[in-house]
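Have a look at the structure below before the remarks.
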Amino acid sequence: EPSSVAKPKTKKPAETEEVSENLRSDVLKNIKGNNFKSLEYYLDSKIANNERLTTKMPNEYNLMYYTISRTTAKKYKLSYEDSQVKTICEKLLELGEDLDTAGEWGITPVFQAAKSGLKLTFDFLVSKGAVIDKVVVTNIAEGSVPFSVSILDYAKTSRSPNKAIIKELESKGIKSVAGQQSSNVSTNDKQMKLALNAAKNYSNLPKMGSIKSTDEALAIVDNLIKTI
């Protein structure tokens, strides 16, 4: 019995690629739709139509990073399987998405795949040449002090680290950089931000806007430590 779903129409090979201005936002909407079969069909139709993504702007998502990070985060409703995420990444690459463009906090798709424990997706990105031997300066929480992480460090921050990914990274000679603070932040600025972040965890403190100096912030934290 013939399938009720029509196959994407293909253009002649001689035709040139077409860069679509709205394709990135349209793909993002379809990823958020959380229906793999529908998304796969949609992406296939765009590939067959020779459409290509525009270059990612600073305020836009790397679509592979978005898919990987939202699939494993509990507060989001995406529920793609590892094999499905791998397929989505394959098709996004065909559409022209960049392999190593950072998403939020300077994290690239392969870094996020390592943390998310998506082994099939991780292996695919590595096979395509994703950079795994660099150190990323990230800023995980707003207002926190920038610090350095290797992909090995990031993989280990998962609540359920994927041992196979960690073993593979170690076998490739990837080392931990142990969360070293970024050297482009002054010592006083580091102290101030660390103190403020620690202080924000307590509800019985003055409003953060009223804290004007590093010494004042450190004194508050010091007093908190004495009460623990």
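The residues of the chain are indexed from 1 along the displayed sequence.
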Distance in Å, Thr101 OG1 paired with Glu60 CD, rounded so as to fall on 0.5 Å steps | 11.0 Å

Please tabulate, one pair per line, all N/O donor-acceptor pairs under 3.5 Å involving side-chain atoms of residues 85-95, not counting sequence neighbours.
unit_1 : atom_1 : unit_2 : atom_2 : d
Lys86  : NZ     : Glu90  : OE2    : 2.7
Thr87  : OG1    : Ser83  : O      : 3.1
Lys91  : NZ     : Asp44  : OD1    : 2.8

Under the side-chain hydrogen bond (donor to acceptor under 3.5 Å, both in side chains) rule, collect the residues that match up with Asp100, sequence neighbours excluded.
-> none

From OH (Tyr41) to CG (Asn30), nearest 0.5 Å = 12.0 Å

Of the non-hydrogen atoms in Ser79 and Asn34, which two are nearest, and what is the gap between them?
-> N-OD1, 2.9 Å

Qualifying salt bridge (charged side-chain N to carboxylate O under 4.0 Å, His left out) pairs, either residue in residues 29-43, two or more places apart = Lys37-Glu40

Side-chain (Asp82) to main-chain (Thr121) donor-acceptor, under 3.5 angstrom | yes

Set of ring pair (Phe, Tyr, Trp, His ring centres under 6.0 Å) partners for Tyr80, sequence neighbours left out | none

Asn62 side chain vs Asp98 backbone, donor-acceptor pair below 3.5 Å = yes

Side chain of Ser158, backbone of Ala155: donor and acceptor closer than 3.5 Å?
-> no

What distance separates Lys115 NZ from Ser69 OG, expressed to the nearest 0.5 Å?
-> 9.5 Å

Tell me whether Leu28 is reachable from Leu99 by hopping between hydrophobic residues (I, L, V, M, F, W, Y) whose side-chain heavy atoms are closer than 4.5 Å.
-> yes

Look at the side-chain heavy atoms of Ile, Leu, Val, Met, Phe, Trp and Tyr, link any pair under 4.5 Å apart, and say whether Ile47 and Phe124 land in one connected group.
-> yes

Which residue pairs pass the side chain to side chain donor-acceptor pair (under 3.5 Å) test when at least one of the two sits in residues 124-136, sequence neighbours left out?
-> none

Gap separating the OH atom of Tyr65 from the CZ atom of Arg70, nearest 0.5 angstrom | 6.0 Å

Residues 163-175, side-chain donor-acceptor partners within the protein, below 3.5 Å, at least two apart:
unit_1 : atom_1 : unit_2 : atom_2 : d
Glu168 : OE1    : Lys119 : NZ     : 3.0
Ser171 : OG     : Glu168 : O      : 2.6

How many angstroms lie between atom OH of Tyr61 and atom OG of Ser25, to the nearest 0.5 angstrom?
-> 13.5 Å

Residue pair Asn35 / Ser38, side-chain donor-acceptor N/O under 3.5 Å = no

Is there a donor-acceptor contact under 3.5 Å from the side chain of Arg52 to the main chain of Leu23?
-> no

Specify the closest pair of heavy atoms between Thr67 and Thr71, including all atoms of both residues, with the distance to one decimal.
-> O-OG1, 2.5 Å

Smallest heavy-atom separation, Phe111 atom then Ser150 atom, equals CE2-C, 3.6 Å

When you check the gap from the basic side-chain N to the acidic O, do Lys56 and Glu97 get nearer than 4.0 Å?
-> no

Val27 side chain near Lys46 side chain, heavy-atom distance below 4.5 Å = no

